[in-house]
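Encoded as structure tokens, the structure appears first; notes follow it.
A, B, ... follow the sequence lines: proteins, then strands. Residue 1 opens every chain.
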Amino acid sequence: MDSRMARYLITSAIPYINGIKHLGTLIGSQLPADLYARYMRARGHEVMFICATDEHGTPAELAAAKAGKPVAEFCAEMHGVQAQIAKGFRLSFDHFGRSSSPQNHAMTQYFAGKLADNGLIQEVTEEQVYSKADGRFLPDRYIEGTCPNCGYDRARGDQCENCTKQLNPTELIDPRSAISGSTDLEVRQTKHLYLRQSALKDDLDAWIDAKTDWPVLTTSIAKKWLHDGDGLRDRGITRDLDWGVPVKNGDKEWPGMEGKVFYVWFDAPIEYIAGTREWADAAGRPDADWQRWWRTDMGADDVTYVQFMGKDNVPFHTLSFPATIMGSNEPWKLVDYIKSFNFLNYDGGQFSTSQGRGVFLDQALEILPADYWRWWLLSHAPETSDSEFTWEQFQTDVNKDLADVLGNFVSRVTKFCRSKFGEAVPEGGENGPDEIALIERLKSGLATYEAHMQAMEIRKAAGELRALWVAGNEYLQVTQPWAVFKTDPDRAAAVIRLSLNLIRFYAVLSAPFIPDASASMLSALKTEDDNWPDDLDAALTTLPAGHTFEVPEVLFAKITDDQRAEWQERFAGTRD
RNA sequence: GGGCCUGUAGCUCAGUUGGUUAGAGCAGAGCGCUCAUAACGCUUUGGUCGUAGGUUCGAGUCCUACCGGGCCUACCA
């Protein structure tokens, strides 16, 4: 076993269950996480890549009601749909779990118990709005009414969208349920558990301060919450809902909390741990197999834990979840690096699930292979600011990068070889100055690529990868095997032999971005050797003279103007 | 209202601790090549770096104000 082998625990923010997600959520966490996981595996490291569906909370109940199904059934179905989509995009989760799993129930109750043991849970009696018609308590924003400030008649209970004034639901004039429209509301007393995050503020602050290499986006949001106003506030971690993890103290009942569940943002991050346990259970593995990823006293001390998420999820991952871990006073693994992303906009506006604006993941896979989306989204990942999807840009970028630069390189090399030498790596000739120059170029480019991938500089990594594809075309232009062949076939053979090996080199390097195309390339070359080119010279002679191959189908068909126009029209407004 | 992020060529974006003539890809123009998905290569036209001040020998880079975009603001997740 390689002594440089390291262990990487990678989690993607878990997507909410209430519907099919759009391209923005894919690039915000799952896709970059997958890129990183694939890269680390390719480098020979041991990887545990966990994702799941986030299934609890009011929106899930409402979505189920709208679909006319029991919420458990609805979630099970939607989990299946999301799992299928994840598979379609080639997301290489080691396990795609569910926050509603028995494992997560147990783990969530376990952590709550530990926090209570350590004096970090406080019971608070508070007043909340209850809707008799809906038979449920209403979260602030599910109460609508007239704004006392500006008179807007569809103000929400937390804030008026018209005048932006922050509100309490009780301040609304003529309040009504946003769910049923019922005005039969009353204020009731109810008891809830609060996580005393404030008690851990200094620990969290010191911990965040030490993370000088984290993205500014990540640390600035955390610090804002830590220092704003009176500092980090305690947070309610229970809700009056039917669907969720029942409130328990470990495996014991929690007196006075009957019929209540934990708040979705308390149990959702714990699912990262529980999901790993689901993985072990599903494979019939012992507990030690998941614990070695999560317990620093059981082997996780050499694990590097990286989380991926959109910026909207940062507070929960920098504060609440770490507070849960720290507050347990047990040696659970804390995150080492948080890679956060801005949002992807759609043609000048936002993607909108409610308005059906933008491209949803099931539709995306209907119209184009996963690699097209993976490449474009990753090479435009919103790392420094919100970024923009337009169909024109998507079409020109994908056609140029994938079809012209990479796909066409594969075509011209394999077809030229077939017509002049047959479908086998040709023999004869040897490397000269052009080859030495190319290999030098590849060597430095490879080092740059590896550095960017290691640092999760995704756009820069994509740029360098593309530059390496270009280097292949430049090499052919310089060596001109089609002209040289007429006078010196051996020389042409040497060029093509290296070029065919270059295709394998590209397939290996590109696999984290475009796994399907990479597989096609390897399969056309009739090789299963996908080893990382740690030794570049050896890597470029992997396919010896005489090794047979076949000319592959066109790797990437171009997006035509007609297609682009049609999709632009189809995805402009409401979801069909 | 407050906090943070952001505004660099037509488009999408890089620009390290402030240092000589501001970069890349795409799009546009020209040339070359003809093996290839009318693909590839080379050259090239585009920018008073949001605006106005300030600090400095020197500012895209630091400070202030203003204008525009975005996110968050703790009971949506």
A29(B) versus C72(B) - spacing of their P atoms, nearest Å = 42 Å

Is Trp482(A) stacked on the base of C35(B) when the test is centres under 5.5 angstrom and planes under 30 degrees?
-> yes

Counting only distance, no hydrogens or angles, is the base of A36(B) paired donor-acceptor with the side chain of Asn408(A) under 3.5 Å?
-> yes

Could you pick out which residue, Leu241(A) or Pro481(A), lies toward the 5' side of RNA chain B when each is mapped onto its nearest nucleotide?
-> Pro481(A)

Taking OP1 and OP2 of U37(B), is either one under 4.0 Å from a side-chain nitrogen or oxygen of Arg412(A)?
-> no

Can you tell me the distance, in whole Å, between the CZ atom of Phe343(A) and the P atom of G70(B)?
-> 13 Å

Please work out if Asn342(A) contacts a base, only the sugar-phosphate, or nothing of the nucleic acid, heavy-atom cut-off 4.0 Å.
-> nothing

Asn313(A) CG - A77(B) P separation (whole Å) | 12 Å

So what does Lys415(A) hit on the nucleic acid, given a heavy-atom distance under 4.0 Å: a base, only sugar-phosphate, or nothing?
-> sugar-phosphate

Which whole-number value in Å describes the distance from Leu406(A) CG to C40(B) C1'?
-> 13 Å

Tyr475(A) side chain near C40(B) phosphate (N/O to OP1/OP2, under 4.0 Å) = no

For Phe556(A), answer base if it contacts any base atom (sugar-phosphate contacts may also be present), sugar-phosphate if it contacts only those atoms, and nothing otherwise; contact means non-hydrogen atoms under 4.0 Å.
-> base

Scan Lys311(A) against the nucleic acid and name what it touches under 4.0 Å (heavy atoms): base, sugar-phosphate only, or nothing.
-> sugar-phosphate

Can you name the closest pair of heavy atoms from Ala112(A) and Phe262(A) and give their distance?
-> CB-CZ, 3.3 Å

Minimum-distance nucleotide (side-chain atoms of Lys460(A) versus U37(B), C35(B), G15(B)) = G15(B)

Take atom P in A24(B) and the same atom in C62(B), then report the distance between them in whole Å.
-> 23 Å

C1'-based separation of A74(B) from U6(B) [nearest Å] | 24 Å

Indicate, with a heavy-atom threshold strictly under 4.0 Å, whether Ile496(A) touches base, sugar-phosphate, or nothing.
-> nothing

Would you state whether a donor and an acceptor, one from the side chain of Arg233(A) and one from the base of A74(B), lie under 3.5 Å apart?
-> yes

Between C75(B) atom P and Tyr142(A) atom OH, what is the distance in whole Å?
-> 14 Å

For nucleotides 41-47 of chain B, print each protein N/O atom paired with a nucleotide N/O atom at under 3.5 Å, atom names and distance only.
from, atom 1, to, atom 2, distance (Å)
C42(B), OP1, Glu474(A), OE2, 3.1

Just checking Gly236(A): base, sugar-phosphate only, or nothing, at a heavy-atom cut-off of under 4.0 Å?
-> nothing

Contact class for Thr414(A) vs. all strands (heavy atom < 4.0 Å): base, sugar-phosphate, or nothing?
-> nothing

Describe the nucleic acid contact of Gly231(A) in one word from base, sugar-phosphate, nothing, applying a heavy-atom distance below 4.0 Å.
-> base

Can you tell me the distance, in whole Å, between the CH2 atom of Trp469(A) and the P atom of A39(B)?
-> 17 Å

From the candidates G2(B), A77(B), C13(B), the one with an atom nearest any side-chain atom of Val264(A) is A77(B)

Under 4.0 angstrom, heavy atoms only, what part of the nucleic acid is Phe137(A) near: base, sugar-phosphate, or nothing?
-> nothing

Hey, does Thr58(A) reach any base, or is it just sugar-phosphate, or nothing, if we go heavy atoms under 4.0 Å?
-> sugar-phosphate

Audit row: Ser518(A), Ser510(A), side-chain hydrogen bond (donor to acceptor under 3.5 Å, both in side chains) steps and yes/no = CA-CA 6 Å; Ser518(A) 286; Ser510(A) 309; 4.9 Å; no

Would you classify Lys223(A) as touching base, sugar-phosphate or nothing, given that sugar-phosphate means primed atoms plus P, OP1 and OP2, and contacts are heavy atoms under 4.0 Å?
-> nothing

Over how many whole Å does the gap from Leu555(A) atom CG to A36(B) atom C1' extend?
-> 12 Å

note: Phe389(A), atom CZ; G70(B), atom P; distance rounded to Å ~ 20 Å

Any Lys558(A) side-chain nitrogen or oxygen under 4.0 Å from OP1 or OP2 of A39(B) = yes

Donor-acceptor pair under 3.5 Å, Gln128(A) side chain vs C75(B) base | yes

Quick note, Phe416(A) side chain, CB onward, closest among A39(B), C35(B), A77(B) is C35(B)

Would you mind reporting whether Thr414(A) and Leu500(A) have side-chain heavy atoms less than 4.5 Å apart?
-> yes

Hey, does the Lys NZ or Arg CZ of Lys311(A) hover above the aromatic six-ring of Phe343(A), less than 6.0 Å from the centre and inside 45° of the axis?
-> yes

Sticking with atom P, work out how far A52(B) lies from C13(B), rounded to a whole angstrom.
-> 25 Å

Paired with Glu61(A), the salt bridge (charged side-chain N to carboxylate O under 4.0 Å, His left out) test is passed by just one of Arg136(A), Lys66(A), Arg239(A), namely Arg136(A)

Assigned glycosidic conformation for G46(B) [threshold 90° from 0] = syn

Closest heavy-atom pair, Ser100(A) versus Glu55(A), reported as atoms and distance to 0.1 Å, is OG-OE1, 2.7 Å

On a plain distance test, is the side chain of Glu126(A) in donor-acceptor contact with the base of C75(B) below 3.5 Å?
-> yes

Can you tell if the side chain of Val129(A) reaches within under 4.5 Å of the side chain of Ser177(A), non-hydrogen atoms only?
-> no

Nearest to the side chain of Trp225(A) - C75(B), A36(B), A74(B)?
-> A74(B)

Do we see a donor-acceptor contact under 3.5 Å between the side chains of His79(A) and Thr53(A)?
-> yes

Ring-face cation of Lys339(A) near Phe341(A) (centre distance under 6.0 Å, axis angle within 45°) | yes

Atom of Ile514(A), atom of Leu406(A) and distance for their closest heavy-atom approach | CD1-CD2, 3.6 Å

Is the side chain of Arg235(A) donor-acceptor paired with the backbone N or O of Leu195(A) at a distance under 3.5 Å, no angle test?
-> no

Which part of the nucleic acid, if any, lies within reach of Asp404(A) when heavy atoms closer than 4.0 Å are counted: base, sugar-phosphate only, or nothing?
-> sugar-phosphate

Specify the separation, in whole Å, of atom NZ of Lys21(A) and atom P of A77(B).
-> 12 Å

So which heavy atom on Tyr16(A) is nearest to which on Asp54(A), and how close?
-> CD1-O, 3.1 Å

Arg418(A) side chain N/O closer than 4.0 Å to the phosphate oxygens (OP1, OP2) of C35(B)?
-> no

Which dot-bracket string fits RNA chain B when only Watson-Crick or G-U wobble pairs with both atom distances under 3.5 Å count, crossing pairs get [ ], and | stands for a partner on a different strand?
-> (((((((..((((.....[...)))).(((((.......))))).....(((((..]....))))))))))))....

Distance between the C1' atoms of G7(B) and C49(B), in whole angstroms?
-> 10 Å

Distance between C1' atoms of G47(B) and C5(B) (Å, rounded) | 24 Å

Consider only side-chain N and O atoms of Tyr272(A) and His317(A), and report whether a donor and an acceptor are under 3.5 Å apart.
-> yes

Matching residue for Phe316(A) among Phe266(A), Trp265(A), Tyr263(A), Phe321(A) - test: ring pair (Phe, Tyr, Trp, His ring centres under 6.0 Å) = Trp265(A)

For the side chain of Gln393(A), counting heavy atoms from C-beta on, which of G2(B), A77(B), U12(B) is nearest?
-> U12(B)

